[in-house]
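A short write-up of the structure that comes next.
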Amino acid sequence: MDNSIKQRHASLVEEIVRHDRAYYVDAQPVISDQDYDRLYRELLDLESKHPELSISDSPSQRVGGEPLDGFDTVQHALPMMSLDNTYSQDEVRDFIDRVQKLLPDESLDWIVEPKADGIAISLRYEDGQFTFGATRGDGFSGDDVTKNLRTIRSIPLRLQSNNEGELPSVFEARGEVIMTRSGFKKLNSIRESDGEPLFANPRNATAGSLKQLDSTLVSKRPLDIVLYGNGEVINGPKLNSQCILFDVLGEFGFRTPEHIWHCSSSEMVISAIEELDRIRGSFDYDTDGAVIKLNRFDLRDRIGATAKAPRWAMAYKYAPEQAQTRLNSITIQVGRTGTLTPVAELEPVFLDGSTISRATLHNDEEIFRKDIRVGDTVIVEKRGDVIPGVISVVKDLRPPNAKPFEMLFVTGNKCPACGGTIQKDEEFVAWRCVNQDCPAQAAQRLEHFGARTALDIECLGDIVSDKLIESNLVFGPLDLFDLTLEQLAPLNLGNADEPRIFGKKNAIKLMDSVKRSRKMGLDKWLFALAIPELGRTTASVLFKFHKDLAGLANSEILNKVIKLDELTGMAVRINPRSRKNKPTSEAEKTKRENDYSQLVDEISRVAECLVKLGFASITKLNGNHPPNYTTEVGPSVARSVLAWFGSEKGCETLARLVELGIDPKGADSSQSNNKGVFAGKTFVITGTLSGMSREEAKAKIEANGGKTTNSVSKNTDYLLAGEKAGSKLSKAELLGVSVLDEIGFLSQID
Ligand code: IVH
């Protein structure tokens, strides 16, 4: 090809990228739309004559090709955490004080930035090139939505060179994909005239757009992105603080928040939050709060994170929208642990983009405290994605005959689902149905077992779960493994008058996914079993540190967490330096000093084991108290998990799993990494595997000492390639990475 064509192409690319940035990132276009279109057409023209020019970072590659048939799941190199949040300014002050206590000798500075109301995304760049982008998912892995992200013009396909002109080997930028308010309005008005359902708000429209399998459709959605964080960075600029991060993001060509505040005290933080609230209406995208972050990264590292969220940041949410409506009745819902939750049945009312007709009332104490009565006019509120709640009653509008709510009166002292005994659970202020066989609980447990975030069993929604329990085909989740096609296919989801048959196709789908669940990891199983207090995040932590269920039932780690908590409790009680509980004589003082120092030594011994395993971190408080350690999973959860394994229900479940030959595996990171044929080797999996799922392949790699990453680089040792392997295979071949097919892979393990 003529060199001048290559040069013209390069200069067109450079020019269009510059104009894209001016238009989409800086909001300051320098040429007219017609001139831009002219450049763009010339580029397309040139590339259609010389297809070898349409390389992946050409602006022409933003609109995707073939629709996908689903999204791949990709693991995040570093987890994408969530934030603790609050609606109270006092809690923001407490948060700042708490961090100051953890870092007593430091003078702290804070960044306050807008909390964009969109979908969290991680963008990965390798050698400056955008390689993939993923949603947050469960924080550890998310959906690979690269094709859709490439259509967002403010995402640079190649990082701009910073001052030193060097690009990092790896740079992950994190932020929020959003839909502009103006774009959202336009989109909805087009949908309205096309007779399509409307999106409730820009956030839902963003989520819906990113989930589209056809990126050509996505390219028509007015999406944008704001970046505020980073993930993995290798050979990149030194990121010492949030301020520097924003500079670096800007230099690389990313859009960053409209406005940030640099503060050095709680009062400055609070006034920044208030100022943001005054100006956020002028932003072109929705914000639902402010994020307060410790500026310095070295201090962030020192205080670390809990299983869910970093200790160095907090989200303050602005008061949500409210609406006024009538409370028509109060019904009672039975949850999967038997909790009876009163639900407000409301006169339908439009609130924050959707019509609501139900709101949670939490428990009867809450109803009593707020004096909520049937017939009342109530104020309802919606906070983010959570179920709307009743905030207060407009007492002036109360009908004269409205009676106070009485759980016992409404329920007749019986579970509304099974008629069994109900009891007040003193600790949790809730009423509970104590009947283990209560069908409402069983149905909810069954539905939870098959949820997407648990064992992902297709076709097992609420109706099917209800009917399986009602028809006595299933009593508990593990009975699913005994179901036959003959039992399942004729299941009537309707009623005798209007039957609605489940059908063979759905029955096969359900049974296939039940079969697949046998091989799911320990994390999914733990969550699916609905062990009290064990959420998804805890399940993923336990997965990392245990080999299997038997290992967890006798978990040394959890026993140490409990021991640590008991010892710390004792140390606090006998601490001779505590102001509350001073020794009364010299002799007692000496004895207490001795006992205390022995206890502190023991605490350190137990905690150090946990620290070595990566399960605890030290957060030393001031000298008058015993050292404080934070563990990945707290003592209350540890007790609940071990208690479940020791309970009749836990033992029965374990025995039944053994009978069924199901033995879910954990990663047991403390042991598995330095043994096995793949010790220290890095794998990338691509294409469609026929004999196993990706999860299984990953488990096999890890069981043999290896690890998996998402993208091929010079650090990759093996590419495990299934059918229809695409660009990753070409890249591996280019870099000389060993490629294994499934047979080759399995033979290495054998
Ligand atoms: S920082 C480890 N900064 O809010 C810290 N998050 O409620 C991770 N969000 O999952 C988040 N604007 O999706 C951060 N300026 C901002 C944000 C922000 C919006 C979202 C993000 C996060 C969620 C937590």
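Quantities reported herein were computed from a predicted structural model and do not represent experimental measurements. We count ligands from 1, going down the list as the structure has it; atoms in each ligand are counted the same way.
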(request) Could you list the atoms of ligand 1 found under 4.0 angstrom from a heavy atom of E113? (result)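 Selected atoms, number and element: 3 (N), 15 (N), 16 (C).
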
(message) For A315, which part has a heavy atom under 4.0 Å from ligand 1: side chain, backbone, both, or neither?
(response)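 Within the 4.0 Å criterion, A315 makes no contact with ligand 1.
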
(message) Just to be sure I read this right, does ligand 1 sit under 4.0 Å from the backbone of M80, its side chain, both, or neither, counting only heavy atoms?
(response)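 Answer for M80: neither.
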
(request) Considering heavy atoms of the protein only, find what lies nearest to atom 17 (C) of ligand 1 and give residue, atom and distance to 0.1 Å. (result)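 Looking at atom 17 (C) of ligand 1, the protein heavy atom closest to it is Y228 CE2, 3.3 Å.
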
(message) Among all protein heavy atoms in this structure, tell me which lies nearest to atom 13 (O) of ligand 1, with the distance rounded to 0.1 Å.
(response)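 It is E176 OE1, 2.7 Å.
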
Which option, [options], owns the non-hydrogen atom nearest [atom]?
atom	options	answer
atom 8 (C) of ligand 1	M81, R300, R136	M81
atom 3 (N) of ligand 1	K317, K293, Q242	K293
atom 11 (C) of ligand 1	T287, L83, L78, I121	L83

Please determine whether any non-hydrogen atom of [X] lies less than 4.0 Å from an atom of ligand 1.
X	value
P310	yes
A116	yes
N85	no

Taking the six-membered ring for Trp and the full ring for Phe, Tyr or His, determine whether the centres of [X] and [Y] are under 6.0 Å apart.
X	Y	answer
F171	F130	no
W110	F95	yes
Y87	Y316	no
F449	W525	yes

Should [X] be counted as touching ligand 1, given the test is an N or O pair under 3.5 Å?
X	value
P114	yes
K115	yes
V291	no

(message) Strictly below 4.0 Å, N to O, side chains only: are E366 and K370 in salt-bridge contact?
(response)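 Result for this pair is yes, salt bridge flagged.
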
(message) Any carboxylate oxygen within less than 4.0 angstrom of a Lys/Arg side-chain nitrogen, looking at R153 and D224?
(response)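 Result for this pair is no, no salt bridge flagged.
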
(message) Going by salt bridge (charged side-chain N to carboxylate O under 4.0 Å, His left out), name the residues that satisfy it together with R181, two or more places apart in sequence or in a different chain.
(response)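 Partners of R181 by the salt bridge (charged side-chain N to carboxylate O under 4.0 Å, His left out) criterion, ordered by chain and then number, come out as D286.
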
(message) My understanding is that only residues two or more places apart in sequence, or in another chain, count here; which of them pass salt bridge (charged side-chain N to carboxylate O under 4.0 Å, His left out) with K698?
(response)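 Residues passing salt bridge (charged side-chain N to carboxylate O under 4.0 Å, His left out) with K698: E702.
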
(request) Kindly give the heavy-atom pair with the smallest separation between K524 and T453, and that separation in Å. (result)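 K524 and T453 have their closest heavy atoms at CD-O, 4.0 Å.
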
